[in-house]
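Inspection log for the structure reproduced underneath, given as structure tokens.
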Amino acid sequence: MFTLESLLETFQTGSGFWNPIIWVVAILVAFLIAVILRGFGNKEYKKNTGQTQAFLSGNPEYEKEQMHIKSSNIYWGFTESLKWVFDSLKKMHTGNVSDYALWFVIVMAILFVVLIVGENLVGAI
Amino acid sequence: MSRRDITAVLSFSIVAIFFIFGALMIHPFGAPDETGMDDNIITNAQTETGANNAVTSVVFDYRGLDTLGETTILFTAVAAIIMIFRRLNK
Amino acid sequence: MIFNIPFIAVAALILIGLYAVIFKRNLIKMVIGITLIESGVNLFLITLGYREGSIAPIYTSSPGGIMALPVPQALTLTSIVIGVAVLALMLSLVIHIYRHYGTLDVRKIGGPEE
Amino acid sequence: MILEGIHIILPILIVVAAAFAVLMKDLIAAAIAVAAMSLLLSLEFYILQAPDVAIAEAGVGACLTTAILVIAIKATKRMEEDA
Amino acid sequence: MNVADLIALLLQHSPALIVAVPLLGAFITPLISRLNDKVRNVFVILTLGLTASLVFLLASDVFTGNIHTYIFGSQDLALPVVRILFEVDAMSAFMAIISVILSLVAVIYSWSFMKENTGLDKYYTLILLMTAGMLGMELTGDLFNFFVFLEITSISSAALVAFWTNKAKSVEAGFKYIVISTIGALFILFSIALFYGQYNALNMAMIASAIQYTFLDKIALVLLIAALAMKAGVVPMHMWLPDAYGKAPSSVTLILVGATQASLYGVFRVCFTIYGGAINLTPISVGWILVILGIITMLLGVAMAIIQTDFKRLIAFGAVAEIGYILLGIGTGLVVMLNPEMTATGLAAMKGGIFHIMNDALDVGLLFLVAGAIYYATKETSLNKLGGLARNMKYTTVFFIIGLLAISGMPPMNGFASKLLIYESTYQLNPILSIIAILSSIMLLAVFVKVFHAAFLGPALPKFENVKEVPKSMLIAMGTIATIIIIFGLFPELIINNIVEPAANALVNYGDYIREVIPSFAGGV
Amino acid sequence: MSGMSKIVKTISGIAFPFITIYGLYIIAHGHLTPGGGFQGGAIVASGCAMILVSYGSIWTMNRVREKNLSILESLGAVCFILLALLGLGFGTVFFNNFLVGTNSLFGVVPAVGSGLANINTGGVIPLMNFAVGLKVIVGLFGIVLVMAYASRTKEGKK
């Protein structure tokens, strides 16, 4: 059942394969290349000099709080352009227990219609 | 009426129709179709459990685990209520 | 013979309870609705176990004859105790909700999140 | 014949009591209606040859459920607010 | 008596003991907690550890293909089945492993996480009861017993959701949860009564062997699917889930994930085992209903997750989306189950779906634990106020990255293996399905990258200067799950061959499950 | 809730022992007549709830204490599950009725179809009835007591 070979076996998905070990090796190689590239520039980097300061076209640095990008600002364009979708989705979540129970009844009604009425219709055709 | 009310009434009445229809489709009142399991219990309850009350023998012997679950539920409810009404600061 | 009236009563009880849960705005009314659904299910179980002209499934001082089915009665006993446990928990939470919000109206508590 | 009559009347009474429990604006009255429904239900259980369940329903449904409901109503609000 | 005999005896009685040990522990906990807090914590961990070892013992036997039956109160199986019996096949054992691991980790995590609170003896009692309820739901072979354990789980979890009673939102979430789960449970009981009225049986195998798919059976099917899907948080009946997940203590949320998955297990058990023989009688396949529900669940969960600003609520919507993947995989399996040309596809889809149950539990659980750790350190859950935490909480950040990669299905984490199986098999059913699945996976990655940026990256905020790394017990809990995730990710073949495939076969070959109780049953694939 | 008038207190004081004894009778004869641990327990708990209503929750809480109730409840539950585990120890499987047919304590088996009310029958069923009875009395009364005590003052919006 459990052997050392079984650890290294390739995982067949039916129409392809997936072997995480090979992937990890590839990632490690890529990482190594990245480290080497970093090493080229690292020599010129000096701590506690002007190099480490933020440079905003000569303007003074903002407060830390202002510099931090808030989570609601990320993907702002995406959410703004699809506002109608998100607004209707937000409207669905009323936070009202009766509505939650109502959704249950609606789903029940739909399933009744699909599974019983619809089935008889399909059978008739 | 708001849109919510209309949807609610509509789906509620569909469910109601199926429930009432189901109540008419079930076997006639007082004449269950199959009684094999229960007849087995009624016949054997006295010899197997020694109790004259067949319901008690079902509750505590044939379906004892359900009873354990039931006492557990009562225990859970008491623990939950004591926990909900506990004092919050030490 | 009697047009399955007990079964229709079961359906009516469940629907009345569901109505209370969906359309009533008072939290305690919703809890009462759940109790009604539960009573309906209990009645359904017992009605399933009834046989025409039967006696209770207890041998002590029974004249003999066909007996009602014992299993649904045992199930109903379990279900009743479950019902009271759930009811007590729900009402304790309702008391706490009232302490926090000062109202029992389901539309005024909570509301959409952020 | 009489038994059949009871089998017809009791379920109808139970449904009526349940409807009262939902429709009453006064919550204490609704709780009493629930208790009445439980009592009728326990009578129905007795008629349906389930004395065990009848005792349990009478003790739990008609007494303790009402007690819990009344405690909760006293701790909150008696009247249902209008829509 | 030597050791081998003892183990054989334990194995024989393990289905009963798995439920009895946590129950007994729960009953004793109030007595023990009068002694000392530490003794109580150790006792609870030991109880769950014992339960876990029993589950592993049982699972090691069941995964070889056996089906364990345990009859309560009698040794021989007499027909008709009047007694309650536990019937453990590979699927049940698979779910039991998930539940017990989650509970054990949650208890270790709460050692430090819940230290400041009062009422901890009841808290631990309820956690043990919840574990016992979940395990009972997963092992039982009796429908009414399933309902009883479902109620135990929902009552204890509702109380635990409302644990912080000083917060209005917590109490409200607990109330919503108990109302929703009670309604669901009552409709489940109603459909059990419908079965009982027709076939005079409560045993799943007996019902499955006798089922004829009458009008009442259809009503029961609708009620069971709707109620169990609501308890599993399937859109559009998922709305209680973000409330409950978001407002409960993180350790409780971890077990709640297990509880929802136990309900999901109920859906599959109903569709595959009880209605397994009746599936070919239906012109409209139940499988398509599951697939469509899965697609809606996936899309809506991801879409809602994008606009959330609360950490735990966001993860909760992510969890909703993950449930969609499970439904999609297993629904695909149900659709093609009877089509002989696509059996391989169906099995691959089932494997993906079932493996994803485990992955979902681990990934979502790890993320919730990280959210709890951040709350513990900063007392803050709003993403708009967090920032720059990677400086002070190094280990937590690493665990978050692992969880992020795993939940969005990035290779080489475990989520990728199961999602790959789902994509490939659904592509053969209908390419649109797999396109939607991949799309929502990408969006999930986007959502969690946003969380990572908002909470962990960015400049060092002055208000979080004094934030420290969380205590050891929480790190151990998170580390355990992270280790399991990495192992599952690196060796998916091992897990799929030894654990997932038996479970998938157990669901597909429902005839074996029935024949274990009723040997004369002839149907089944 | 504060107490009620003296008349109510006296009447309930007189009625309480009778209710309790009736409930205990129902518990003890559970295997012979209608009733059992739950039903009898519910009856005794209702009697206790009556005392609670007439004397007030503070008076009752001073005498009973929820901690003691909690311990008693744990004891009842532990007894029940231990009886079930004894089936595993003595007999063969969990929940085995190991006393039936031993002719010792509650071990007599009645003749098939006989209506004789022999209390010495039922195996472990009477013992389980007592354990469940204790559990249900304490549990249901505990629920009512804790709820009444916690909600004795009407607290509005904080």
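Proteins come first, then strands; the chains are lettered A, B, ... in the order of their sequence lines, and each starts at number 1.
When each of B:N44, B:V15, B:V58, B:D38 is checked for heavy-atom pairs under 4.5 Å with chain E, B:D38 comes out on top. Most heavy-atom pairs under 4.5 Å with chain E, from the set B:E34, B:M37, B:M25, B:E70: that is B:M37.
Under the 3.5 Å distance criterion, the side-chain polar atoms of E:N117 are matched with a main-chain donor or acceptor of E:M114. Using modelled atom types, one side-chain atom of E:T182 and one backbone atom of E:I178 make a donor-acceptor pair closer than 3.5 Å. A donor-acceptor pair under 3.5 Å is absent between the side-chain atoms of E:Y199 and the main chain of E:A208, judged by distance alone. With hydrogens and angles disregarded, no donor-acceptor distance shorter than 3.5 Å links the side chain of E:S251 to the backbone of E:A106.
Residues of residues 143-154 of chain E that come closer than 4.5 Å to chain B, counting heavy atoms only, are E:F144, E:N145, E:V148, E:F149, E:E151, E:I152, ordered by residue number.
A distance of 5.5 Å separates CE in E:M130 from CD1 in E:I255, rounded to the nearest 0.5 Å. The distance from atom OG of E:S103 to atom CG of E:L135, rounded to the nearest 0.5 Å, is 7.0 Å.
Contact annotation: the side chain of E:W164 approaches that of E:P249 to within less than 4.5 Å [non-hydrogen atoms, C-beta and beyond].
At a 4.5 Å heavy-atom cutoff, the contact between E:S156 and chain B is made by backbone and side-chain atoms alike. In this structure, the portion of E:L126 lying under 4.5 Å from any heavy atom of chain B is its side chain and not its backbone. Using a 4.5 Å cut-off between heavy atoms, E:L223 contacts chain B through its side chain alone, with no backbone atom that close. For E:D142, the part sitting under 4.5 Å from any heavy atom of chain B is the side chain, from C-beta outward, and nothing else. For chain E, the nearby part of B:N40 is the side chain; its heavy atoms alone come within less than 4.5 Å. Using a 4.5 Å cut-off between heavy atoms, B:F85 makes no contact with chain E at all. Neither the backbone nor the side chain of B:I81 comes within contact range of chain E; no heavy atom of the residue lies under 4.5 Å from a heavy atom of that chain. Within the 4.5 angstrom heavy-atom criterion, no atom of E:V19 approaches chain B.
Taking all atoms of both residues into account, the shortest heavy-atom contact from E:P30 to B:F75 is CG-CZ, 4.0 Å.
Classification of the E:F190-B:F19 ring pair by plane angle, with boundaries at 30° and 60°, yields parallel.
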Checking B:T35 against B:D39 for the side-chain hydrogen bond (donor to acceptor under 3.5 Å, both in side chains) test, could you report, in this order, the C-alpha distance in whole Å, the side-chain angles of both residues, the deciding distance, and whether it holds?
CA-CA 6 Å; B:T35 54; B:D39 285 337; 2.8 Å; yes
